[in-house]
**Student:** 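The following block contains the structure, expressed as structure tokens.
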Amino acid sequence: MIYRFTCIVCPLGCSIEVEMEDGKVKEVRGCTCPRGEEWAIQEVTNPKRVVMSVVPVEGGALPTVSVKTAEPVPKEKIPELMKFLAKLRLKAPVKVGETVAEWEGIKIVATRGA
Amino acid sequence: MFPRIPMLSYDVVVVGGGPAGMAAAIRAKELGLNVLLLDENDYLGGILPQCIHPGFGLHYYKEELTGPEFASRLAKRLVELGVEYRTAARVLEIRNYSDLEKVVIFTSPSGAYQAWAKAVIYAAGARERHAFEIGIVGDRVSGIYTAGEAQTLMDIYGIMPGKEIVIVGSGDVGLIMARRFALEGAKVKAVVELMPYPGGLARNVMILRDFDIPLYLGHKVVEVRGKGRVERVKVVRVDENLNEIPGSEFWIEADTLIISAGLVPSVKKLKALGVEIDSATGGPVVNDRLETSVPGIFVAGNSLLINDLVDYVAEQGELAVEGAKEFIENGGIESRKWVKVEKGENVRLIVPHYLSGDRDVYLYLRVARPMEDVELRIPEIGKRMKLPVVKPAEMLRIKLKAGEIRKAEKLTVEVVKA
Ligand SMILES: Cc1cc2nc3c(=O)[nH]c(=O)nc-3n(C[C@H](O)[C@H](O)[C@H](O)COP(=O)(O)OP(=O)(O)OC[C@H]3O[C@@H](n4cnc5c(N)ncnc54)[C@H](O)[C@@H]3O)c2cc1C
């Protein structure tokens, strides 16, 4: 199995190929730096993303507060996390940077105040 | 003038409370200027409060923030410094009586005002291109939004604009909206891009793979059909001259069409002042203090040119206000000679247009088409910079030293094969 993608670690945007065999990385081709290689390997073995959404808030100037995960979340867990976020309800006041919830040990942080 | 309209008086009035305007107002206060900041929205931050994704501030704050976080840092500083600002204050007109006498006329919930200023910083951002502008025809149905409208609905008001989405345009804005829809459980059926390459940054193009969203390059949406609500959109392939290829059309079923076809600097009030406009940027022609062709009217942010990074926007706000201070203190921005900046090979746009050679400057430029292994050259001063890749989606920012600029009569910037 060969995965192809454009590296996003820096603006160079190298075209990287990662060759996998039996679930293990066999070869990484096309990157010009070790950071890119590390990223590419993580991208195929355990991709993670910072996730953002909005949560309804009562009593704020705007009807929602925007939130993000304090750290990147494994990609395949994102739908589950979104379901959790969809059920959240907050009450003003909320401060930027405040932890408004926790999900499987990952902090959910407000990025907009209310 | 309007004898009944209350009169206020300032050194500088800043029009627009986005990152450009806020950074300008903060810097103005730090420089000891008497400043007023005006924004027509109910909140400060411009478009940042609705851009809830990360990707802001890596240069300016050396930290990756979301749009609302970036905006709240600036707003906090603004309040700490005691900068005078008004929200829900819409600027209707700017008048230019003389170099050090401008009047900014605005309305607000407490009435109409005229604010006198010695200099004005115009930071009103950009507007989005809409469906008509890109030649989409068909039924007049609900369910057609610009990306910014959809983003505001979703990320400020918490309302989903639709369930089955087609997005026109693969720039960063379109791609980021694709992710937001997909994350919130909508089905993004396609991103349709006119050009043969994606318009956004690589990190955003990756979103499509994350959510298995089809990307149609070299295609355009030409028609929308539905009864009351969008039901389907017609897509057609284009050739290398962007002409439609007969017989290549197909329909995609969707209830929502999102137009993300680029931004245009918002310059109406500048045009009314007689400010000279650059047809390549859509913004005004400026010198290296970001002063327009009308003395004392400065511009920054997306009103100057469409920026992809908020960091540059804030930097431009600060630069403009430093120019305003010089303007006020010296009764004008003077230069022994203005060095004109010309566009050479594969340079689509470049700002600023005139350099004084009195100070180091950043040139902001975009290429016309993607290229690899290139050199950015300015032959007049023998400057050469190697660049492994250039893309229209990524604005280039290069620094020139005052000494380098002073040597030349004009500067031609070109991007050519190394
Ligand atoms: C969807 C999207 C995603 C983006 N993602 C990123 C990213 O990941 N990273 C990044 O660095 N940048 C990103 N950007 C770019 C960045 O957000 C913009 O470049 C920046 O916000 C522009 O700032 P501005 O101050 O020029 O304009 P704006 O933020 O548009 O602010 C202009 C303000 O002027 C006000 N105004 C206009 N006319 C008047 C008037 N007549 N009277 C009073 N007020 C007026 C408006 O209400 C508005 O508040 C993104 C942009 C968009 C649209």
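The figures here come from the full heavy-atom set of this structure, side chains too, leaving out hydrogens, waters and symmetry mates. So that the names make sense, note that chain A is the first sequence line, chain B the second, and so on, each numbered from 1.
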**Student:** Of Leu85(A), Ile78(A), Leu81(A), which meets side chain to side chain contact (heavy atoms under 4.5 Å, CB included) against Leu183(B)?
**Tutor:**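 Checked Leu85(A), Ile78(A), Leu81(A) against Leu183(B); only one passes side chain to side chain contact (heavy atoms under 4.5 Å, CB included): Ile78(A).
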
**Student:** Rounded to the nearest 0.5 Å, what separates atom OG1 in Thr111(A) from atom CG in Leu65(B)?
**Tutor:**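 Thr111(A) OG1 to Leu65(B) CG: 10.0 Å, rounded to 0.5 Å.
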
**Student:** Just wondering, do Thr6(A) and Val205(B) contact through their side chains at under 4.5 Å, heavy atoms?
**Tutor:**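 A side-chain contact under 4.5 Å is absent here.
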
**Student:** Would one find more than 12 heavy atoms of other residues, nucleotides or ligands at under 6.0 Å from atom NZ of Lys91(A)?
**Tutor:**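 Not more than 12 within 6.0 Å, no.
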
**Student:** I'd like to check Asp210(B) versus Arg49(A) (side-chain heavy atoms, cut-off strictly below 4.5 Å). Are they in contact?
**Tutor:**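 Answer yes - side chains close enough.
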
**Student:** Any idea which heavy atoms bring Val54(A) and Met154(B) closest together, and the distance?
**Tutor:**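 Closest heavy-atom pair between Val54(A) and Met154(B): CG2-O, 3.4 Å.
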
**Student:** For atom OH of Tyr60(B), is the number of surrounding heavy atoms from other residues, nucleotides or ligands below 6.0 Å larger than 12?
**Tutor:**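 Result for OH/Tyr60(B): enclosed.
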
**Student:** Return yes when atom CD of Glu27(A) has more than 12 non-hydrogen atoms of other residues, nucleotides or ligands closer than 6.0 Å, and no otherwise.
**Tutor:**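 Yes.
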
**Student:** Between Thr66(B) and Met52(A), is there a side-chain heavy-atom distance shorter than 4.5 Å?
**Tutor:**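 Met52(A) does not reach Thr66(B) side chain to side chain.
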
**Student:** Above 12 or not: heavy atoms from other molecules or residues under 6.0 Å from OH of Tyr157(B)?
**Tutor:**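 No - once you tally the heavy atoms of other residues, nucleotides and ligands closer than 6.0 Å, there are 12 at most.
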
**Student:** Which atom names give the shortest non-hydrogen contact between Cys7(A) and Ala202(B), and what distance separates them?
**Tutor:**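 So the minimum-distance heavy-atom pair works out to O-CB, 4.3 Å.
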
**Student:** With a 4.5 Å limit on heavy-atom distance, are the side chains of Glu43(A) and Arg209(B) in contact?
**Tutor:**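 Glu43(A) reaches Arg209(B) side chain to side chain.
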
**Student:** Should we count NZ of Lys75(A) as having more than 12 external heavy atoms under 6.0 Å?
**Tutor:**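 Check passes, neighbour count above 12.
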
**Student:** For chain B, which candidate among Ala86(A), Ser53(A), Ser66(A) shows the most heavy-atom pairs at distances under 4.5 Å?
**Tutor:**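 Max contact count across the listed options: Ser53(A).
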
**Student:** Where do Thr64(A) and Ile156(B) come nearest, in terms of heavy atoms and distance?
**Tutor:**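 The answer is OG1-O, 2.8 Å.
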
**Student:** Should we count CD of Glu80(A) as having more than 12 external heavy atoms under 6.0 Å?
**Tutor:**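 Result for CD/Glu80(A): enclosed.
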
**Student:** When heavy-atom pairs shorter than 4.5 Å are enumerated against chain A, which of Lys391(B), Lys76(B), Glu372(B), Arg180(B) gives the highest number?
**Tutor:**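 That would be Arg180(B).
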
**Student:** Look at atom NZ of Lys107(A) and say whether more than 12 heavy atoms of other residues, nucleotides or ligands are closer to it than 6.0 Å.
**Tutor:**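 Result for NZ/Lys107(A): open.
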
**Student:** Considering the options Arg112(A), Lys95(A), Lys68(A), which one meets the salt bridge (charged side-chain N to carboxylate O under 4.0 Å, His left out) requirement together with Glu69(B)?
**Tutor:**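 Among Arg112(A), Lys95(A), Lys68(A), the one meeting salt bridge (charged side-chain N to carboxylate O under 4.0 Å, His left out) with Glu69(B) is Lys68(A).
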
**Student:** Checking Asn204(B) against chain A: side chain, backbone, both or neither under 4.5 Å from a heavy atom?
**Tutor:**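 Contact with chain A involves no heavy atom of Asn204(B) at all.
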
